[in-house]
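Some notes on the structure that comes next.
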Amino acid sequence: MTLDLDVYYKYPAAQLNIIVRNDLNGNDGGNVGVGIYPAAATQHPSSYTVPNVYETQRLNLAAYDNQTVNGKVWFFNDTEYSVRKSKWQKDKFGQLSFLSNNSSFTTNPLTTDDNGASFKAYLETTSYTTSGTLSENEIWWTNVTLTGNVTVPSGITLTVTPGVNINFNGYGILLDGGSVNFQGGDPNCVYLKQSGSLKGYFGTIQPAINYAGSGQTVELQARTYPESPSLTSKSNITLTGQGQGSTTLNGSISVTNSLHYSSGSDNEWTIEFE
């Protein structure tokens with residue numbers, strides 16, 4: 001007698017290490033909703049390590065609007081704006097893959113490839129620093145009105161997305177070792193420079209002159225300035241344009257208690273206050 005015996009082994013589903021968290025412009029915090037399908041998502045502090053989750057299961061994920069974290073209001077932008085939508089992404093050892101633009105959704109069945117991954121909700125904020133010193137990187141993606149000088153310190157980057165209008169409102173964006181990334185190209189405004197390095201951006205001439213110190217240059221861009229700036233008790237300051245027919249000052253310059261020297265050519269005009 002011959003006996004054939006077929007044995008089938010069924011391996012148990014692998015347990016996965018998965019984290020769900022918010023991403024607040026590179027930071028963490030606030031709350032996220034997590035549930036193992038079909039259970040509804042319940043609120044947990046971000047970051048949240050999902051316990052006892054296995055491959056073939058699915059996650060119900062939820063991002064929450066209007067969370068105050070680090071003094072700013074953050075939201076998952078699924079309806080408020082059309083220009084910059086929030087998103088969920090999977091982060092696997094720095095490799096990002098898009099998941100959804102919906103604030104709440106259910107994942108595909110998990111696989112062993114998800115082990116060690118973070119499921120991140122990228123939240124947005126319009127709580128900008130409009131006066132004072134930036135404490136962390138910021139992205140301005142809606143129109144901004146300054147309420148005072150904004151200083152970008154060393155190690156910090158201010159990003160201004162294309163199409164954003166900055167109302168300088170008589171103030172400036174000052175560089176104190178940090179950087180400003182105008183993604184739509186540098187604005188046609190007034191630059192403050194020192195030895196060729198940018199030190200600030202201003203919407204009009206007078207605030208730049210007021211802030212300028214010895215050895216600095218107030219550089220006007222190629223446009224018409226309907227202004228009559230004045231200088232009082234200034235020394236070693238240079239006011240320069242981009243050339244005749246390019247930079248036009250529709251006004252006069254008044255000088256009080258400041259020595260000055262004017263020069264001009266077909267390519268450039270300069271007023272030096274020495």
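Since this is a predicted model, take the numbers as computed values, not measurements. We use all heavy atoms of the structure for the numbers below, so side chains are in, but hydrogens, waters and symmetry mates are not.
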message = What I'd like to find out is whether the side chain of Asn167 reaches to under 4.5 Å of the side chain of Asn143, using heavy atoms alone.
response = no
Between Leu110 and the options Val53, Val50, Ile36, Thr56, the side-chain contact (heavy atoms from CB on, under 4.5 Å) test singles out Val53
Subject >> Within the 6.0 Å centroid threshold, strictly below: Tyr122 and Trp88 >> reply: no
The reported gap from CG in Leu158 to CD1 in Ile139 (rounded to nearest 0.5 angstrom) is 9.5 Å
- Does Gln57 reach the main-chain N or O of Tyr54 with its side chain, forming a donor-acceptor pair under 3.5 Å? yes
query: Can you tell if the side chain of Leu123 reaches within under 4.5 Å of the side chain of Gln67, non-hydrogen atoms only?
result: yes
One should read off an interatomic distance between Cys189 SG and Tyr225 OH, to the nearest 0.5 angstrom, of 7.0 Å
Report yes if some heavy atom in the side chain of Val34 is under 4.5 Å from a heavy atom in the side chain of Asn60; otherwise report no.
no
To the nearest 0.5 Å, atom CZ of Phe182 lies from atom CD1 of Ile166 at 4.5 Å
**Asked** Would you say Leu146 and Ile173 make side-chain contact, with heavy atoms under 4.5 Å?
**Response** yes
>> Using only atom types and a distance under 3.5 Å, with no angle test, would you say the side chain of Glu138 pairs donor to acceptor with the backbone of Thr129?
In response: yes
Looking only at side chains, do Asp176 and Thr151 share a donor and an acceptor under 3.5 Å apart?
no
Q. Is the distance between the ring centroids of Tyr201 and Tyr191 under 6.0 Å?
A. yes
May I ask you to decide whether Lys90 forms a salt bridge with Asp113, counting only side-chain N to carboxylate O separations under 4.0 Å?
yes
